[in-house]
Trainee: 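Got a structure for you, written out below as structure tokens; questions coming shortly.
Predicted, not measured: the structure shown is a model, and the values here were computed from it. For reference, positions follow the sequence shown, starting with 1.
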Amino acid sequence: MKLISLLLAGLSLGSMYALVAMGFVMIYRASAVLNFAHGAFVLVGAFAIASTAPQWGFWPAALFGVVLVALLAMIVERTLVGRRGASSPVTTTIVTIGLDIILFTLVSTLLGSRILSLEQPWGGAAFTVGGLGITVNRLIGLLTSAVLIVALLLAFRYTTWGMQMRAVAEDREAAAISGIRVGRVTTLSWGVAGALAGVAAIFLTGAPTPGLTPAISTVALVAFPAAVIGGLSSVPGALVGGLLVGVAESVATGYQDQLAFLGRGFGAVVPYILVLVVLVIRPAGLFGSKEVARA
């Protein structure tokens with residue numbers, strides 16, 4: 001029963017990683033950039049929601065936070081990424097590292113020593129069936145993630161934007177020649193990735209976590225290995241990678257006492273061990289194409 005409970009908790013946590021990992025993949029496919037400011041996007045969204053919820057109420061604050069992060073992501077793409085033109089993707093990736101430091105410092109300064117509590121309508125209650133328990137926050141987060149991920153996969157396959165995004169990911173020049181507005185598609189992709197980060201922030205700051213601290217931005221350090229495991233060229237791979245990482249981390253943490261010989265905090269190291277194993281076997285990730293580098 002303990003193992004099943006840990007697996008359920010891992011799937012819930014993994015669904016949050018999957019949302020953030022899908023943001024990494026979408027931005028990479030659209031811009032060939034690894035956006036290392038994505039963790040800061042999650043932090044900005046969580047701070048916006050937690051700081052406005054007491055005055056506005058939870059739902060308006062949650063909508064505000066998600067929209068704010070989506071707009072922030074699109075502004076970053078238009079000003080720091082899109083305008084760089086032919087600049088090396090490596091150079092632009094380094095720019096996102098600097099942006100991450102700036103946003104992290106700004107929010108940390110605004111927070112100070114406070115730990116903001118995000119009061120969610122469902123509270124910190126736990127849901128128990130047959131001896132298996134999971135917090136309502138994690139359960140709702142799992143269901144919400146499932147709905148969003150399915151909707152996105154359907155959008156990639158059947159909507160005009162999804163088809164255009166796939167075309168841009170395959171060959172930007174050919175897509176532009178065929179009449180696709182590459183800049184608009186890329187900006188929208190960043191916006192969707194930012195919105196996913198905002199949604200993840202809602203559930204990552206609720207029970208069983210103690211509240212909002214700057215440490216929430218480190219979720220990107222786990223979501224990025226999840227994206228690499230699935231394959232940076234594969235959106236479904238980000239889903240699989242996120243779930244694998246979440247389950248592995250949950251199980252390793254739950255059996256920490258039995259794994260004490262490996263050292264304390266072994267659960268935090270598991271995602272990186274997992275990504276190393278996968279990359280040795282499949283350098284492009286589980287679902288990634290053999291060639292993901294761009295000229």
Side-chain angles (χ1 to χ4, degrees), residues 1-26 38-39 42 46 118 120 122-154 156 193 195-210 216 218-231 234-259 265-275 277-278 285-287:
M1 294 300 290
K2 177 181 178 180
L3 177 60
I4 296 175
S5 181
L6 289 172
L7 291 175
L8 185 60
L11 289 174
S12 175
L13 181 61
S15 67
M16 298 297 105
Y17 291 154
L19 288 180
V20 182
M22 288 180 75
F24 273 113
V25 172
M26 290 178 63
H38 214 59
V42 176
L118 180 58
Q120 298 163 323
W122 46 86
F127 185 77
T128 305
V129 175
L132 298 177
I134 183 174
T135 63
V136 174
N137 177 60
R138 287 286 172 84
L139 180 61
I140 295 176
L142 177 60
L143 297 175
T144 301
S145 299
V147 171
L148 288 176
I149 290 169
V150 170
L152 278 173
L153 292 177
L154 291 175
F156 291 142
L196 292 178
V199 173
I202 296 173
F203 299 101
L204 288 170
T205 52
T209 59
I216 190 178
T218 59
V219 67
L221 297 178
V222 183
F224 180 66
V228 174
I229 288 171
S234 173
V235 173
L239 167 61
V240 175
L243 295 179
L244 284 176
V245 167
V247 169
E249 181 180 343
S250 176
V251 171
T253 302
Y255 287 100
Q256 179 65 64
D257 293 339
Q258 289 82 352
L259 300 173
F266 177 68
V269 183
V270 166
Y272 306 100
I273 296 176
L274 191 59
V275 74
V277 172
V278 170
L286 296 177
F287 297 90

Trainee: With a 4.5 Å limit on heavy-atom distance, are the side chains of Val235 and Phe287 in contact?
Mentor: no
Trainee: For Pro271 and Pro225, work out which heavy atoms get closest and say how close.
Mentor: O-CB, 4.1 Å
Trainee: Going by side-chain contact (heavy atoms from CB on, under 4.5 Å), name the residues that satisfy it together with Ala227, two or more places apart in sequence or in a different chain.
Mentor: Ala21, Phe24, Val25, Leu232
Trainee: Going from CG on Leu204 to CG on Asn137, what distance comes out if it is rounded to the nearest 0.5 angstrom?
Mentor: 8.5 Å
Trainee: Not counting sequence neighbours, which residues clear side-chain contact (heavy atoms from CB on, under 4.5 Å) with Ala195? List them please.
Mentor: Val66, Ala70
Trainee: Any idea which heavy atoms bring Val278 and Gly285 closest together, and the distance?
Mentor: CG1-CA, 4.4 Å
Trainee: What I'd like to find out is whether the side chain of Phe203 reaches to under 4.5 Å of the side chain of Leu142, using heavy atoms alone.
Mentor: no
Trainee: Mind listing the closest non-hydrogen atom pair of Ala193 and Met26 along with its distance?
Mentor: N-CE, 4.3 Å
Trainee: About how many Å separate CG of Leu243 and CG of Leu13, when rounded to the nearest 0.5 Å?
Mentor: 10.0 Å
Trainee: For Val245 versus Val222, what's the shortest heavy-atom pair and its separation?
Mentor: CG1-CG1, 3.4 Å
Trainee: For residues 147-154, please give each side-chain donor-acceptor pair under 3.5 Å, one per line with the distance, not counting sequence neighbours.
Mentor:
none

Trainee: Indicate yes or no for a side-chain donor-acceptor contact from Ser250 to the backbone of Gly246 under 3.5 Å, with no hydrogens or angles considered.
Mentor: no
Trainee: Decide yes or no on side-chain contact (heavy atoms from CB on, under 4.5 Å) for Leu11 and Val247, but give the supporting numbers first.
Mentor: CA-CA 6 Å; Leu11 289 174; Val247 169; 3.8 Å; yes
Trainee: Hey, what do you get for CD1 (Ile202) to CE (Met16), rounding to the nearest 0.5 Å?
Mentor: 9.5 Å
Trainee: When rounded to the nearest 0.5 angstrom, what distance separates CD1 in Ile229 from CZ in Phe224?
Mentor: 11.0 Å
